[in-house]
Amino acid sequence: MRNVKWPKVLLIAIPTILLWLKTYVAYKTSFSIPIENVTQEIILLINPLSFLLIVFGISMYLNEKNQRRYILITYFLLSFVLYANVVYYREFHDFITLPLLFQTGNLGDLGGSVSSLIGLIDLLFFVDIILVAFLLFKLPKYISNPSFSKPVRRAYFLAAIAISFFNLGLAEAERPQLLTRTFDREILVKNIGTYNYHLYDAFLQSKTSAQRALADGSELADIENYIRANYKEPNPEMFGAAKGKNVIVISMESTQSFAIGQKINGKEVTPFLNDFIEDSFYFDNFYAQVGQGKTSDSEFLVDNSLYPLSRGAVFFTHSGNEYEAMPETLTENGYFTASLHANNKSFWNRDVMYKSLGYDKFYAVEEYDVPEDETTDWGLLDIPFFDQSVEHLKEMQQPFYAKFITLTNHHPFTLEDEYKWVDEYNSNSGTLNRYFPTVRYTDEAIKQFIDQLKAEGIYDDSIIIIYGDHYGISQNHNKAMSQLLGKEITPFVHTQLQRVPLIIHIPGMEGETLSTVGGQVDLRPTLLHLLGISTKGDIGFGSDLFSKDRLDFAVQRDGSFATKGYVYSENVCYSKETEEPVDPLHCEPYMEMAQKELDYSDKIIYGDLLRFYGEDEASKEENESTDEE
Ligand code: GP9
Ligand code: MN
């Protein structure tokens, strides 16, 4: 045996092949990547190869000792990246982006969520590393000279690059404009592979940094023109309907519209909200428009009337930008502004971002008493949260703008039995089953909060806005969802499931249910108009939900959108009436607008363009005053 010489190329070939296979197995077992034809399957199979060949090939330039170390460390790191994506995908049905990886601050707090997502079986992801270590540190004994000549190295890399072009060529033929339209990470991973996807993501990241450096005020002019051209007069009857009132905003964690009015074993899941809706304005066609930043994205939308980013959380990536956010506007109008949320202040980078948005105060977990028996995986339960928040509210100078962010109805939706006031649902998804008791719990928490507001005499002086921040049940639970809804979860139904409740309660007004199509981006102008504050000339993409001239429209971060009669989802136009695909002509008039709004919003954020806002006017005024002189 000692005399047998193994081909030296095995040193690179074995780890490459093992990781290649592992990646493909992970694609097939841990991600649900839809494959429509043989070419797609081939692309999926070959897509990790060129990257792995190149990365492991670099070892040919190292000396024998470093060669082995390099291969093992690289093998481990890439396995880890793959595994991290697998775990993330289990809940979010999405792939990790670089900005998300930097949010390590959040990872610690995710404890309960993450541990419910990983299991012993996952060790299988790492057993091959032991095998590779063994091969690397035992096998070379049989290899006389692991160094590679120049021509061999050259031929090797040429082959790797050829494979990579072959891959790209196939992918481009299957999916034109693959790299220019990047809102769908799944398509990217499917076509260029997870590892190349991460490289591409890193490239995007450096591009964003450059964008700010290069931006100047002139880019804002186009955007301002677009916004001015699309400005809709607010409803004059509602303008100032809540003038001078306190503003109480409640962000309901993971609450989707389908939960409202739902019954489990004959019992209402939202008995309080069902009543509250009766004497409020209730919007039943209101869409969440968040991206990867989830709750923080919804806050961003509501406060700025700008869209969040297609990758990463803008709360992290652009917390240093200049904004014209709601708290700032309200401060100028005599309000005290605060956000209340019993979680670590650094979660979603809130402590930093809130300063940029202009909040006067952030009541984070330190401002709350959190006894062990009043918590879930995500910390303080909503009932004690609201209960203690009332004390904070009483101290605030009036009028105030106070935002309450609930937390109990968060994945993994765990709750002690004593707080379960409806049964769990019965399906193959524990997540969907547990969801209803936690929604029911938050409903009760809001009920008690409203009772306390009444007792404290705050209720009649406050406008109360309640909205859902984003979906709670991801596509991974489609089977259970389809059981609940009694229909297949088509892309149409999926988009419709992004609807979240919006309730606006105005003291002294009766309210009604309105089916206007709108989204979180519309909340800022709607609220400001109710308070009698004009938003004409503001930079933002929303419009008054009460306006008579309103265009029924809500676009989502993945490019899907809803109009009065149609829904555009995954490149297909659906009729709302039949829920079936129709001629794309029906959706076409809105497609350009959808893309334009998202692009303009991205431009504002990436270029930090609001730092130039008002410059024009300021310089105009300056000119005018010098003219007068
Ligand atoms: C964390 C809470 C939940 O503070 O807002 O965040 P989410 O995971 O829903 O984005
Ligand atoms: Mn949330």
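All figures in this text were calculated on a predicted structure; none of them were measured in a lab. Atoms within each ligand, like the ligands themselves, are counted from 1 in listed order. Along the sequence shown, residues are numbered consecutively beginning with 1.
Listed by chain and number, Glu253 OE1, Glu253 OE2, Thr295 OG1, Asp469 OD2, His470 NE2 are the protein N/O/S atoms closer than 2.8 Å to the Mn ion (ligand 2), with waters left out.
The N/O atoms of Trp348, backbone and side chain alike, include one that comes under 3.5 Å of an N/O atom in ligand 1. No N or O atom of Lys294 sits closer than 3.5 Å to an N or O atom of ligand 1. Considering both main-chain and side-chain atoms, Ser296 never comes within under 3.5 Å of ligand 1 through any nitrogen or oxygen pair. Annotation: Thr295 places an N or O atom under 3.5 Å from an N or O atom of ligand 1; distance criterion only.
Within the 4.0 Å heavy-atom criterion, neither part of Asn344 lies near ligand 1. If you look at Glu253 next to ligand 1, the close heavy atoms, those under 4.0 Å, all belong to the side chain.
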**Item:** Steps toward side-chain hydrogen bond (donor to acceptor under 3.5 Å, both in side chains) verdict (Thr563, Asp552)
**Value:** CA-CA 5 Å; Thr563 70; Asp552 283 78; over 6 Å; no
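Looking at Asp360 and Lys355, no side-chain N of the basic residue comes within less than 4.0 Å of a carboxylate O on the acidic one, giving no salt bridge. Taking 4.0 Å as the cut-off between side-chain N and carboxylate O, Asp451 and Lys447 count as a salt-bridged pair. Between Glu367 and Lys361, at least one side-chain nitrogen of the basic residue sits less than 4.0 Å from a carboxylate oxygen of the acidic one, meeting the salt-bridge criterion.
Listed by atom number, the atoms of ligand 1 under 4.0 Å from His470 heavy atoms are 9 (O). Shown in contact with Asn343 at under 4.0 Å from a heavy atom are these atoms of ligand 1, numbered in order with element: 1 (C), 4 (O).
The residue among His341, His411, His410 with a heavy atom at the shortest distance from atom 8 (O) of ligand 1 is His410.
Residues satisfying the side-chain hydrogen bond (donor to acceptor under 3.5 Å, both in side chains) test with Tyr368, not counting sequence neighbours, are Ser389. For Arg90, the salt bridge (charged side-chain N to carboxylate O under 4.0 Å, His left out) criterion is met by Asp122, not counting sequence neighbours.
Ring to ring, His318 and Tyr323 are not that close: their centroids are 6.0 angstrom or more apart. Aromatic rings of Phe258 and Tyr435 (six-membered ring for Trp) have centroids within the 6.0 Å cut-off, being under it.
If you run side-chain contact (heavy atoms from CB on, under 4.5 Å) between Tyr401 and each of Asp303, Asn333, Thr329, only Asp303 comes through.
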For a quick test of your reading: what N or O donor-acceptor pairs under 3.5 Å do the side chains of residues 270-284 make, sequence neighbours left out?
residue : atom : partner : partner atom : Å
Thr270  : OG1  : Gly261  : N            : 3.1
Thr270  : OG1  : Asn274  : OD1          : 2.8
Asn274  : OD1  : Gly261  : N            : 3.3
Asn274  : ND2  : Glu268  : OE2          : 2.9
Asn274  : ND2  : Thr270  : O            : 3.2
Ser280  : OG   : Phe276  : O            : 2.7
Asp284  : OD1  : Ser515  : OG           : 2.9
Asp284  : OD2  : Ser515  : OG           : 3.4

